[in-house]
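Data block below; observations after.
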Amino acid sequence: MEFLRPDGLPDVLEARAAHPGALPLMGGTDVMVALNFDRRRPDALLDLTRAPELTAWDHVDGMVRLGAGVTYSRVIDELATELPGLAIASRTVGSPQIRNRGTVGGNLGAASPAGDSHPALLAGFAEVELASRDGVRRVPVDEFFTGVKQHAGRGDELVTAVWIRPATGPQQFSKIGTRNAMVIAVTSFGLALHPDREQVGTGLGSAAPTPRRARDAEEFLGAELDWSARRDIRDSVAAEFARLVATAASPIDDVRGTAAYRRHALAVMARRCLSWAWAEHQGRRH
Amino acid sequence: MTGFETVAGVPSATTATGNTTTSTVDGVGTSPLRPDGTLKVAGEFAFASDLWMDDMLWGVTLRSPHPHARITGIDLTQALKLPGVFAVLTHEDVPGEKHFGLEHQDQPVLAIDRVRYQGEPIALVAADHPETARRAAQRIKVDYEVLAPIVDAELALRPETPRLHEGGNLVRHVRVRTGEENPTADVVVSGAFEVGMQDQAFLGPEAGLAVPDGEGGIDLWVATQWLHVDQRQVCAALGLPPEQVRLRLSGVGGAFGGREDLSMHVHGCLLAQRTGKPVKMVYNREESFFGHVHRHPARMHYEYGADRSGKLAYARATIHLDGGAYASSTPAVVGNAGTMGLGPYDIPNIQIDCFGAYTNNPPCGAMRGFGSVQTAFAVEATMDLLAAELGLDPVELRARNGFREGSRAPTGQLIDAPAPVAELVEKLRALPLPDERPDAHDLRHLPGGVANTTHGEGVRRGVGYAVAYKNVAFSEGFDDFSTARVRVSIAGGQPVVTVHTAAAEVGQGLVTVEQQICRTELGIDRVVVAPQDTSVGSAGSSSASRQTYVTGGAVKAASESVRRLLLTSAATRLGRRRDDLQLAPGGVVLDGSGTVAITLADLLGDDHVEDTVEWRHRPTHPIDPETGQGDAHVQYAFAAHRAVVDVDVELGLVKVVELACVQDVGRAMHPQAVVGQIQGGSAQGLGLALMEEIQVVGGRITNPSFTDYLIPTILDVPPMPIEVLEYADPHAPYGLRGVGEAPTISSGPAVAAAVRAATGLPLSRVPIRPGDITGTG
Ligand SMILES: Cc1cc2nc3c(=O)[nH]c(=O)nc-3n(C[C@H](O)[C@H](O)[C@H](O)COP(=O)(O)OP(=O)(O)OC[C@H]3O[C@@H](n4cnc5c(N)ncnc54)[C@H](O)[C@@H]3O)c2cc1C
């Protein structure tokens with residue numbers, strides 16, 4: 001197996017175009033598992049770690065541009081205020097070792113329905129930056145996931161960054177696992193309140209072939225919430241929101257849980273996340 | 001994070017006979033460092049997967065993808081063509097016996113014309129690179145005629161079900177009958193329970209290195225639990241005498257029963273014999289799930305009757321254990337589950353039927369707790385049903401009915417050693433309960449942990465109790481001995497003891513205990529543990545909580561013998577009577593007045609004194625096939641747990657808040673290791689209660705990885721207050737009791753009871769899944 005180690009993003013993108021069979025390697029926390037289990041035997045690996053452009057984050061045009069190679073540990077340490085949903089999600093990823101190596105870009109590259117960053121990115125209306133030798137484009141994250149472990153990036157493109165607006169309101173993330181740490185999501189839920197636009201963002205993980213938003217739930221709740229007077233949410237509204245979240249899912253039965261449990265849990269998480277987020281919006285402790 | 005406290009109970013008498021050498025530093029009852037401890041902590045200890053020789057080949061196993069199929073053809077052509085391949089072998093290349101097995105010789109070394117479980121070995125490849133060997137194995141063409149798998153132990157036993165083996169699908173039926181045939185009682189409760197298939201989940205995968213000696217014989221370095229039973233089976237398959245098959249223990253990364261059966265042993269040797277080169281085999285994690293036996297899944301129906309005061313009147317139990325495709329140790333597991341399956345309670349009228357069946361599921365065999373783990377879930381849940389029915393405190397019910405010295409086990413065997421069941425549970429009840437709501441703002445204290453599923457919503461607390469008892473050592477008339485060779489010599493002017501056994505150190509710390517015993521018996525600090533191999537007699541298995549008892553007993557006996565030899569030699573040299581001399585700490589012989597008569601350095605010079613002793617515990621006996629009566633067991637170990645859990649009842653997630661244990665160990669040979677065994681066993685039981693299960697669908701394992709076979713992490717294992725009692729067993733060396741298994745037995749049922757208490761749900765199957773609690777399973 002060849003190991004390509006280009007320096008700097010331009011050379012990385014050159015190599016990407018020149019070696020379409022080469023598997024990109026960032027933190028390696030998915031790639032190495034696939035190699036060890038003999039699930040993948042690529043002709044070459046394309047090491048992305050020598051492109052400093054990928055491992056930085058910055059403020060650009062009022063948004064956070066998060067390099068694809070920023071690790072979960074750094075998201076937790078450096079971006080918990082601006083990207084609270086993503087930071088909560090990052091805390092649930094694997095173990096300290098995995099959080100030190102694993103990256104948001106790698107999570108997107110793997111495009112697993114269980115990827116923990118995805119619900120937070122969906123709820124935060126993030127955009128994925130894709131770059132090739134020939135140019136850069138941005139794809140809304142809910143158009144990025146195209147199928148089970150499939151995404152919208154072309155063979156000559158890489159995920160170079162994620163663009164997210166810093167939080168203007170409370171964000172939450174919940175993840176179900178059958179143990180209290182180091183677990184792939186049985187199902188997960190991300191919620192972001194965007195009071196500036198009076199909009200609600202949601203993201204569902206391990207609930208369908210791809211991570212997805214619960215658009216009906218978002219619209220319903222966006223219209224029902226009393227954004228400015230911040231009055232308490234009626235139970236019937238919370239319940240309907242939870243129901244709409246659960247209905248947005250198309251879960252399956254697998255070794256990690258049943259479809260029925262996933263739907264049920266999504267409804268519970270939706271309700272709880274909403275209550276915590278709204279309490280925060282109201283300035284209460286939750 | 002485990003704020004445990006160890007409280008020593010009643011001090012036990014140290015059995016010490018004439019010409020004693022009581023204790024020196026780091027002897028019995030202290031907690032010296034393990035001889036391999038520093039290496040292990042530093043990551044420098046060589047495990048079997050680290051074995052290496054420069055010119056070695058790599059062996060790989062081709063396994064069946066089908067749980068049940070006829071093999072209609074095997075074509076090796078393409079595999080043999082691959083450059084780098086040295087050998088490709090099938091059952092035709094097995095020179096000796098084509099079948100092996102611990103109790104029944106029913107398992108093919110390599111499949112012959114039929115496969116009976118997914119993962120059954122069919123062919124072997126040796127190549128100069130592991131990847132080449134894997135590629136070659138993929139090129140072997142096997143034609144199958146796929147057959148319908150039999151995947152249910154009860155169905156397997158029906159007369160109309162096709163037979164998987166010549167003798168039928170019943171491996172063993174144990175029947176226990178005492179008292180009346182149709183007993184009645186004031187209060188009757190019953191339940192049906194199920195236990196899923198647990199895995200040993202040892203971290204060091206199966207591995208070994210087979211090295212041909214150039215003269216037709218072979219040396220095998222391997223991670224195992226019992227060198228001599230391996231040697232017997234390897235010899236049979238290779239058609240070689242024991243002198244030509246020498247086994248040496250390699251670094252063992254955990255065992256828990258999963259290394260009692262052969263894995264790569266014969267395969268590696270076959271490849272080495274054929275190629276004339278050293279061959280290393282090491283399973284990867286996925287293969288490991290197919291490469292060893294698991295804990296038997298169980299289906300159990302229990303009925304207990306009692307009078308209104310809560311005194312047990314009768315018990316009925318029907319137990320089905322799924323043995324999978326081959327017998328392995330199913331007969332002995334059925335023996336344990338059958339004879340001990342009613343818990344440590346006095347019950348006058350008993351009817352037990354315990355069955356072990358062949359199916360096309362993964363083979364099951366030994367795992368820590370061995371038949372008692374499964375039945376304890378049923379027993380303890382039934383006891384709780386009874387307590388609820390009677391309106392009695394669960395501790396009270398257990399204390400009233402618990403075994404005491406003088407009780408009779410269901411086999412009729414007199415319990416002639418301390419059996420402090422009532423004290424165990426009463427001590428647990430007396431322990432303070434943890435805070436109602438610890439720190440609600442620290443998510444790590446809540447169900448779901450940092451996954452942020454609750455901030456207190458839906459969380460209910462529950463407390464549960466359970467008791468374990470477990471037979472120590474091998475039962476039912478098995479000749480269960482161990483051999484120890486102890487030598488005293490002089491190195492650098494100082495006496496040094498060398499202790500040589502074939503007893504497998506699997507992480508439990510037996511090597512430390514051997515050193516401690518030598519120090520205590522001989523008064524010599526420096527004790528070298530020789531590498532374990534088959535050049536000394538069998539030590540029996542590192543299982544059944546038996547090695548400290550049996551190999552410890554052998555080391556003690558050999559040390560005593562060496563002490564006598566030393567004193568005899570000193571007496572001859574000094575012209576005194578042996579009885580007037582004593583061996584004292586520091587390697588000196590004292591006379592009657594306590595004056596140094598001679599030092600061992602002077603006595604021995606360049607010589608040494610050595611003896612080898614084969615040591616046996618008191619004999620056991622087979623049980624009556626109709627009534628199950630007989631003195632089947634050597635010793636019983638007792639432990640009890642109290643679990644405190646918080647359950648998020650809306651999401652079905654569980655946080656074990658505290659898991660307290662009280663255990664009677666007879667004598668804490670190494671108090672720190674005792675606590676370690678209790679902590680580890682408790683965690684393993686917790687795992688079975690809440691998460692650990694090999695999921696099998698249609699005979700196929702659906703989660704053969706640590707991604708989906710979950711074992712508790714540090715955030716799942718709670719603080720464990722531990723109290724250790726030391727009520728000496730008068731029949732055992734130093735009064736000790738085997739420690740390793742009992743805590744694995746009671747912790748799971750206590751956790752399950754606590755979850756039931758928190759939820760109010762019957763929860764009759766473990767592991768308890770979130771879907772079971774939320775009704776969405
Ligand atoms: C023990 C363990 C626990 C884990 N726990 C979790 C968990 O709790 N939650 C979770 O979501 N995940 C978990 N994972 C999976 C993994 O850690 C995450 O998916 C992580 O985000 C991957 O990042 P990485 O940088 O290591 O990616 P890599 O392994 O380097 O790459 C992942 C995939 O993305 C591709 N890729 C990488 N970078 C790019 C890029 N810039 N552009 C295009 N494609 C790219 C790679 O080719 C590969 O297909 C776990 C993994 C392990 C081993």
Side-chain angles (χ1 to χ4, degrees), chain A residues 1 33 35-39 41 76 85 87-96 99 114 116 172-191 242 251 253-269 271-273 275-276 279 285-286, chain B residues 131 134-135 138 284-286 441 443-458 648 650-656 686-687 690-695 697 701-718 767-777:
Chain A
M1 198 189 307
V33 174
L35 295 185
N36 278 337
F37 273 89
D38 218 1
R39 283 193 204 116
R41 277 289 179 271
I76 296 164
I88 299 172
S90 299
R91 278 187 209 109
T92 77
V93 172
S95 58
R99 293 193 288 274
D116 283 327
Q172 283 293 342
F173 173 83
S174 273
K175 160 178 163 182
I176 306 280
T178 24
R179 69 180 169 196
N180 288 302
M182 266 290 277
V183 71
I184 296 189
V186 173
T187 184
S188 61
F189 179 72
L191 175 72
D253 289 342
D254 66 14
V255 297
R256 293 174 200 142
T258 61
Y261 176 75
R262 290 185 159 104
R263 268 192 216 285
H264 165 82
L266 279 167
V268 174
M269 289 190 295
R271 212 178 159 137
R272 289 185 184 172
C273 283
S275 82
W276 304 330
R285 238 186 115 101
H286 55 91
Chain B
E131 184 71 27
R134 269 195 293 273
R135 293 271 144 112
Q138 283 165 6
N284 66 22
R285 180 55 56 196
E286 182 170 347
H441 295 287
L443 289 175
R444 289 173 303 178
H445 295 309
L446 289 163
V450 294
N452 192 40
T453 47
T454 178
H455 297 173
E457 298 92 335
D648 181 338
E650 290 168 39
L651 288 173
L653 302 178
V654 178
K655 169 79 185 170
V656 182
L686 179 160
L690 296 177
M691 62 186 85
E692 292 193 38
E693 181 175 7
I694 294 190
Q695 299 184 48
V697 179
I701 299 181
T702 58
N703 58 339
S705 76
F706 282 159
T707 309
D708 285 308
Y709 183 88
L710 301 182
I711 55 180
T713 70
I714 198 163
L715 287 178
D716 298 282
V717 177
I768 297 168
R769 303 257 165 211
D772 302 334
I773 296 173
T774 54
T776 54

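No hydrogens, no waters, no symmetry mates; every other heavy atom, side chains included, goes into these values.
Without hydrogens or angle criteria, Arg256(A) side chain to Asp708(B) main chain gives no donor-acceptor distance under 3.5 Å. Proximity of a side-chain donor or acceptor of Asn180(A) to a complementary backbone N or O of Asp716(B) within less than 3.5 Å is not detected. Listed for the His264(A) side chain is a donor-acceptor partner under 3.5 Å among the backbone atoms of Glu650(B).
Most heavy-atom pairs under 4.5 Å with chain A: of the set Leu710(B), Thr702(B), Asn703(B), this distinction falls to Leu710(B). Ranked by heavy-atom pairs under 4.5 Å with chain A, the list Gly449(B), Ala451(B), Pro712(B) is led by Ala451(B). Contact count versus chain A (heavy atoms, under 4.5 Å) is highest, among Leu651(B), Val654(B), Thr454(B), for Leu651(B). Interface remark: of the candidates Val183(A), Ile176(A), Asp253(A), Ile176(A) forms the most heavy-atom pairs closer than 4.5 Å to chain B.
Of the atoms belonging to Pro447(B), it is backbone heavy atoms, and not side-chain ones, that fall under 4.5 Å from chain A. If you measure heavy-atom distances from Leu653(B) to chain A, the contacts under 4.5 Å come from the side chain alone. In this structure, chain B has a heavy atom under 4.5 Å from the side chain of Asp38(A), while its backbone stays farther away. Interface remark: Val697(B) contributes no atoms to any contact with chain A (heavy atom separation under 4.5 Å).
Taking the side chain as every heavy atom from C-beta outward, Val186(A) and Pro770(B) never approach each other to under 4.5 Å. Here the side chains of Met182(A) and Phe706(B) are not in contact, with every heavy-atom distance at 4.5 Å or above. In this structure, Asn36(A) and Asn284(B) have side chains that are not in contact, with every pair of non-hydrogen atoms separated by 4.5 Å or more. The side-chain heavy atoms of Asn452(B) and Trp276(A), taken from C-beta on, include a pair separated by under 4.5 Å.
Heavy atoms only, all atoms of each residue included: Thr453(B) and Ser174(A) are closest at CA-OG, 3.8 Å. Gln695(B) approaches Val255(A) most closely through the heavy-atom pair NE2-O, 2.9 Å. Here the closest non-hydrogen pair linking Tyr261(A) and Thr774(B) is CD1-OG1, 3.4 Å. Summarising the geometry of Ser275(A) relative to Glu457(B), their closest heavy-atom pair is OG-OE2, 4.1 Å, with the distance given to 0.1 Å.
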Next on the checklist: If you apply the rule salt bridge (charged side-chain N to carboxylate O under 4.0 Å, His left out), what do you find for Glu131(B) with Arg41(A), and how did you get there?
Outcome noted: CA-CA 11 Å; Glu131(B) 184 71 27; Arg41(A) 277 289 179 271; 3.1 Å; yes
